[in-house]
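Right, I'll just put the structure down here and ask away after.
We use all heavy atoms of the structure for the numbers below, so side chains are in, but hydrogens, waters and symmetry mates are not.
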Amino acid sequence: MKIKETPLKDCYIIEPTIFEDSRGYFFEKFNEKRFEELTGMNGHFVQDNVSKSSYGVLRGLHLQKGEHAQAKLVSCLEGSVWDVAVDLREDSPTFGKWFGIELTAENKLQLYVPRGFGHGFSVLSTHAVFSYKCDNFYNKESEGSVKFDDPDLDIDWKIDKKDAVLSEKDKNAPGFNEKNF
């Protein structure tokens, strides 16, 4: 696997080496030892989550706060999503900046989103199956969120805002300046 830096500190794109032949393909999705060697970051995950969504569903921006903060390794198993990470670490040189990347079943890219980041995605295909590996267990009381269309962040979600399908929680998320992170 190859690790590529993003413009955000500690946020990485993971590109697998794919071996293909007439039977199909094989690739190593993740290697904890190799990840830690290349990034110097902990790559131990304790919880896997999967969601299925249809076109226009926008999930985010979400995070876990405090001792329940989570780093995530995310990928798209079916379809295509526009995946977004926002650095919410106030002491970071990239605080308040965001990065987006298209994750698809075809490109097999993954994004490592470190603790202290907000994360979200919008579904670009008819449907998408999305995978999250988390390095800490979910805790409802530690949920944080930031409004997906906050003007201070000015995130391009690659779908028309009128097509965005949101949960009530995401519709009512606090703005970036309210610092619910």
* Might you point out which heavy atoms bring Gly79 and Glu106 nearest each other, and give the distance in Å? =>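 The answer is O-OE1, 4.3 Å.
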* Asked: Looking at Phe176 versus Phe181, is the centre-to-centre ring distance below 6.0 Å?
  ->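 So the answer is yes for these two rings.
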* How long is the span from the CG atom in Leu8 to the CG atom in Asp10, to the nearest 0.5 Å? ->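 Rounded to the nearest 0.5 Å, the CG-CG separation comes out at 9.5 Å.
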* Between SG on residue Cys76 and CD1 on residue Ile101, distance to nearest 0.5 Å ->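 Reported to 0.5 Å precision, the distance equals 12.0 Å.
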* Criterion salt bridge (Lys or Arg N to Asp or Glu O under 4.0 Å) on Glu28 and Arg34, from CA distance to verdict -> CA-CA 11 Å; Glu28 183 178 72; Arg34 182 94 172 115; over 6 Å; no
* From CG (Leu73) to OH (Tyr132), nearest 0.5 Å ->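 So the gap between those two atoms works out to 13.0 Å.
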* **Side-chain H-bond candidate by donor/acceptor type, Arg59 with Ser167, under 3.5 Å** =>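 No pair is found: no donor N or O on one side chain lies under 3.5 Å from an acceptor on the other.
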* Asked: Sub-3.5 Å donor-acceptor pair from the side chain of Asp135 to the main-chain atoms of Phe45, do we have one?
  ->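 It does not hold such a pair.
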* Under the side chain to side chain donor-acceptor pair (under 3.5 Å) test, which residues partner Asp149, sequence neighbours left out? ->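 Partners of Asp149 by the side chain to side chain donor-acceptor pair (under 3.5 Å) criterion, ordered by chain and then number, come out as Lys161.
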* Note: Lys147-Glu178 ion pair, threshold 4.0 Å (strictly below) ->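 Glu178 and Lys147: not salt-bridged.
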* Asked: To the nearest 0.5 Å, what is the distance between OG (Ser142) and CZ (Phe137)?
  ->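 These two atoms lie 14.0 Å from each other.
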* To do: Identify the heavy atoms of Ala71 and Arg115 that sit nearest to each other, and give their distance.
  =>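 Here Ala71 and Arg115 meet closest at N-CG, 3.4 Å.
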* If Ile, Leu, Val, Met, Phe, Trp and Tyr residues are connected whenever their side-chain heavy atoms lie under 4.5 Å apart, and connections chain through other members, are Met1 and Ile13 in the same group? ->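 No; tracing contacts between hydrophobic side chains, which count when under 4.5 Å, never links both residues.
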* Please test Phe117 against Cys11 for side chain to side chain contact (heavy atoms under 4.5 Å, CB included), starting from the C-alpha separation and ending with a verdict. => CA-CA 9 Å; Phe117 273 56; Cys11 185; 4.0 Å; yes
* To do: Write down the atom of Phe121, the atom of Asp83, and the distance for their closest heavy-atom approach.
  =>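 What the structure gives for the nearest pair is CB-OD1, 3.6 Å.
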* **Under 3.5 Å side-chain donor-acceptor pair for Asn49 and Lys72** =>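 No, no side-chain donor-acceptor pair sits under 3.5 Å.
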* Taking only residues two or more places apart in sequence or in another chain, which ones pass side chain to side chain donor-acceptor pair (under 3.5 Å) with Glu15? ->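 Listed in chain order: Lys4.
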* Asked: Minimum heavy-atom separation for Leu61 to Gly118, with atom names?
  ->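 Closest heavy-atom pair between Leu61 and Gly118: CD2-C, 4.4 Å.
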* Shared hydrophobic cluster, Phe148 / Leu111 (ILVMFWY, side-chain heavy atoms < 4.5 Å) ->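 Unlinked, Phe148 and Leu111 end up in two clusters.
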* **side-chain contact (heavy atoms from CB on, under 4.5 Å) partners of Lys162, counting only residues at least two apart** =>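 side-chain contact (heavy atoms from CB on, under 4.5 Å) check on Lys162 returns Asp160.
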* To do: Starting at CD of Gln70, measure out to NE2 of His62 and round the result to the nearest 0.5 Å.
  =>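 Spacing of CD (Gln70) from NE2 (His62) equals 12.0 Å.
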* To do: Decide yes or no for Leu124 and Glu102: does some side-chain heavy atom of the first lie under 4.5 Å from some side-chain heavy atom of the second?
  =>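 Contact flag for Leu124/Glu102 side chains = yes.
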* Judged by atom type as modelled, is there a donor-acceptor pair below 3.5 Å linking the side chain of Asn172 to the main-chain atoms of Lys169? ->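 Side chain of Asn172 to backbone of Lys169, a donor-acceptor pair under 3.5 Å: no, none is there.
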* Measure up the Phe30 and Phe35 rings against each other and bin them: parallel (under 30°), tilted (30 to 60°), perpendicular (over 60°). =>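 Tilted: the ring planes of Phe30 and Phe35 meet at 30° to 60°.
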* **Exceeds 12 heavy-atom contacts within 6.0 angstrom, atom NZ of Lys65** =>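 Check passes, neighbour count above 12.
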* Asked: For Phe26, does the CZ atom have more than 12 heavy-atom neighbours from other residues, nucleotides or ligands under 6.0 Å away?
  ->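 Counting other residues, nucleotides and ligands, CZ of Phe26 stays at 12 neighbours or fewer.
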* Asked: Within the distance-only criterion (no hydrogens, no angle test), does the side chain of Trp98 pair as donor or acceptor with the backbone N or O of Leu153 below 3.5 angstrom?
  ->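 Here the side-chain-to-backbone pair exists.
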* Asked: Any sub-3.5 Å donor-acceptor pair from Ser122's side-chain atoms to Trp157's backbone N or O?
  ->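 It does hold such a pair.
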* To do: Indicate the atoms forming the closest heavy-atom contact of Asn180 with Leu63, along with that distance.
  =>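 Shortest heavy-atom contact: O-CD2, 4.3 Å.
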* State, with a plain yes or no, whether a side-chain heavy atom of Tyr55 is found less than 4.5 Å away from one of His127. =>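 Counting from C-beta outward, Tyr55 and His127 never come under 4.5 Å.
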* So, Glu78 side chain and Ala128 main chain: donor-acceptor pair closer than 3.5 Å or not? ->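 Between the backbone of Ala128 and the side chain of Glu78 there is no qualifying donor-acceptor contact (under 3.5 Å).
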* In terms of hydrophobic clustering (I, L, V, M, F, W, Y; side-chain heavy atoms under 4.5 Å; direct or indirect links), are Val74 and Val57 co-clustered? ->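 Result: yes, single cluster for both.
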* Shared hydrophobic cluster for Phe130 and Leu109 (ILVMFWY, side-chain gaps under 4.5 Å) ->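 Phe130 and Leu109: one cluster.
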* Atom of His44, atom of Glu36 and distance for their closest heavy-atom approach ->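 Scanning both residues completely, I find the closest heavy atoms to be N-OE2, 4.3 Å.
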* Quick one: list whatever passes side chain to side chain donor-acceptor pair (under 3.5 Å) with Ser145, sequence neighbours left out. =>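 Here no residue qualifies.
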* Asked: Do the ring centers of Tyr25 and Phe19 come within less than 6.0 Å of each other?
  ->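 They do not qualify: ring centres at least 6.0 Å apart.
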* Asked: Between Ile155 and Val81, is there a shared hydrophobic cluster once you connect ILVMFWY residues whose side-chain heavy atoms come closer than 4.5 Å?
  ->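 No, separate clusters.
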* Those residues that, when tested against Ser92, pass side-chain contact (heavy atoms from CB on, under 4.5 Å) (two or more places apart) ->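 Partners of Ser92 under the side-chain contact (heavy atoms from CB on, under 4.5 Å) test: Lys9, Asp87, Arg89, Thr94.
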* Asked: Who passes side-chain contact (heavy atoms from CB on, under 4.5 Å) against Glu141, sequence neighbours left out?
  ->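 With neighbours one apart ignored, the set is Asn139.
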* To do: For atom CD of Gln47, decide whether the heavy atoms of other residues, nucleotides or ligands shown that lie under 6.0 angstrom number more than 12.
  =>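 Enclosed.
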* In Å and rounded to the nearest 0.5 Å, what is the CE to OH distance from Met41 to Tyr112? ->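 Result: 4.0 Å between the selected atoms.
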* Asked: Taking everything shown except Lys29 itself, do over 12 heavy atoms lie less than 6.0 Å from its NZ?
  ->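 Above 12, so yes.
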